[in-house]
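Note that ligands are numbered from 1 as they come in the structure, with each ligand's atoms numbered from 1 the same way.
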Amino acid sequence: MQLDYRVTLLKGVGPIVQKGLARLGIHTVQDLLTYWPRRWDDFSTISKLNTIKPGRVAVLCTVLAVNVRSSQRQRRLSITEAVLTDGSGTIKAVWFNQPFLLNTLKKGEQYLFAGNFEFKNNYLSLNSPTVEPATQENYKGKIYSVYPETSGITSKALQKLIAQVIDQSSELSDGLPIEVEQEHQLIPFAQAVRQLHQPASMAEVTQAERRVGFAELFELILTGLVIKQDIKTETSPVVEFKKEVVEEVLSMIDFDLTDAQRKSAWQILQDLEKPQPMNRMLEGDVGSGKTLVALLATAMTLRAGYQVALMVPTEILARQHVVTTKKIFKQMGLTSELLISATPTAEKKLLHTTIADGKVDMVIGTHALLSEGVEFNNLGLVIIDEQHRFGVNQRRTLKTKASFMPHVLTMTATPIPRSLALVVYGDLDISVIDQLPPGRKPVETKVVREIDRSTVYFFVDQLLAQGQQAFIVCPLIEEADEGGAKSVKAEFVRLQKTVFSHRKIAMIHGRMKPDEKAEIMQEFRAGTYNILLATTVIEVGVDIPNATVLIIENADRFGLAALHQLRGRVGRSSVQSYCYLFSDSTNPNSYKRLQAMEKTTDGFRLAQIDLEMRGPGEIYGTSQHGVLDMRFANIFDTQLLAEVKQAASAFISGQNMVEYPQLVEKINNLKKLTSLD
Ligand code: ADP
Ligand code: MG
């Protein structure tokens, strides 16, 4: 038997089993050996019922009674319940959609059960435990590997197949250098594979998980370091630092930079002076003033004679940036132009020529910047605002629009802890604005039930009377039957007819024409309207400091990150702002999210909560798709992260990578996913 042999050569693999295995992605012996267990049922310690605590347990019990019924709420759901005893006490075990257990479990017989003992549906029970007949053999304190199953392929079947080829695991390797293994006291991969499938103890499982998880992180972090090294070999325009330029820009605004802005700007301007491309991320919570820092870098680059492109995720934000930029740049004699999909064709064509000729200094736009026909004359700096909204491919395309390698600055308000950023954005340098402009008051946030609606409206109306403005965000554009969520259009009619009939209300949503949207935003900014009803088109970036009230309808429909971004639309001046989250949801998870919003306005803290509630996959979004298919690495384990980081740095500075072909191949694959080049 060899690693690349088809599984069809194994005993018991006929056409049907083969199909099932294929569904699990298992075609060869190697696939089978690296098909990891989902969990382990530990029969090595059998607990007594009078001592068990909630959590994973294994018990040896006799069946007292067993029955199957269908759920009252969901008719298609069958519930099997059994009453078990081991002499020391009794317990209820529950299974869903496994009616066949009625035939398996015989009254008066003894079995081993392993599963979660937990509080569910108002009582403590053993939830969907695995069942093993209590024969001599499995009595001996074995640990069973439990795999993700598919119809026709049970964990037991997989265990048997793996047992046939487990000896071949000695030929497996994952490319982690031996020196690293030794230095960090890791077992060889082959041994880890064996221990994951057929552990002799739970300690062996833990040891193997650490080994495989270490390698997962090592590859990712090393990839970041390699990209960083590659970038250093490219050349970019040198943008000389000129104090006058900074002074010129700052003379046109009526506030001082915060220390955090100053520090970040300094780091960026230093990068620009180097002949190697900058690859930096500017991280700062909503409202921390990232735009101004970006404009300082822009002004410096333009003054050095190079062009700058600023790419943003929404048209509304692009227009806003043009307004902000023009205010400053016009007086400096610098030009900035808007390029979005809605730009009329003739105008677009003209822009294409002036950009290519270098007559336009700065171009601000949406993904339209990526379209064909856009070529720069001498692009020196690319800035990507709200970078989490863009995929890697889009960023890559923008870079190819320049004749040489431009500097790249990405900005994000999705604050991820530094230790995590290091893993995900290993190739980036990071600057953090960890401070809000002075005088900002935390947005007062309340989760509100329907019965308090009129109280909220009454309070909001008082603020409107003082000349402040409000956003009201609804999940839908038009009313749909769908669970009664509020829509912008219906609310527009309702509010105008009733509570806010004496106020000026406008609405904005994604199905309006771009010109219309632009006009509404401009008028709202100018104070023509008291209330702007909007969908999430205003989620990112919109900066209207006079807006101090935000109402979010059906707030439970939004994720924590979106809620935090939306809330960032208010609290942008020294006036106290308010955020009302309407929700009558009884879902415990959404309630937890809304409560977190009430408790903290700290984006970092919220991101952490979000991570804990939803898992890391969400944070990385599509831009990092596939990178975090980490099965064993725990990215919250900061100690492990630090250790792997140290290992990767030591490795890259000491070894000749070419000697590790398997590792190099893996890194090249990862590079395609994460690198911009
Ligand atoms: P974000 O980081 O969310 O992109 P912006 O750059 O839009 O934030 O800035 C938010 C608001 O704060 C803007 O109105 C901006 O003019 C203002 N601002 C930025 N820096 C300062 C500062 N140092 N002092 C006072 N206000 C500032
Ligand atoms: Mg912004």
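There is a side-chain donor-acceptor pair under 3.5 Å between His564 and Asp285. Counted by atom type alone, Gln469 and Asn546 present one or more donor-acceptor pairs between their side chains at under 3.5 Å. Side-chain contact, Tyr529 with Glu523: a donor N or O sits under 3.5 Å from an acceptor N or O.
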Put together the list of close N/O pairs, under 3.5 Å, between ligand 1 and the protein, could you?
from, atom 1, to, atom 2, distance (Å)
ligand 1, 2 (O), Ser288, N, 3.4
ligand 1, 2 (O), Gly289, N, 3.1
ligand 1, 2 (O), Lys290, N, 3.0
ligand 1, 2 (O), Lys290, NZ, 2.8
ligand 1, 3 (O), Gly287, N, 2.6
ligand 1, 3 (O), Arg572, NH2, 3.1
ligand 1, 6 (O), Lys290, N, 3.3
ligand 1, 6 (O), Thr291, N, 3.0
ligand 1, 6 (O), Thr291, OG1, 2.6
ligand 1, 7 (O), Arg572, NH1, 3.2
ligand 1, 8 (O), Gly289, N, 3.3
ligand 1, 12 (O), Arg440, NH2, 2.8
ligand 1, 14 (O), Asp543, OD1, 3.2
ligand 1, 14 (O), Asp543, OD2, 2.6
ligand 1, 20 (N), Gln261, NE2, 2.9
ligand 1, 23 (N), Asp256, O, 2.7
ligand 1, 23 (N), Gln261, OE1, 2.8

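In this structure, Arg449 forms no cation-pi arrangement with Phe582, as its terminal cationic atom is not both closer than 6.0 Å to the ring centre and no more than 45° off the ring axis.
Under the side chain to side chain donor-acceptor pair (under 3.5 Å) criterion, Lys243 pairs with Glu247, sequence neighbours left out.
Considering CG of Leu560 and OG of Ser590, their distance stands at 11.5 Å, rounded to 0.5 Å.
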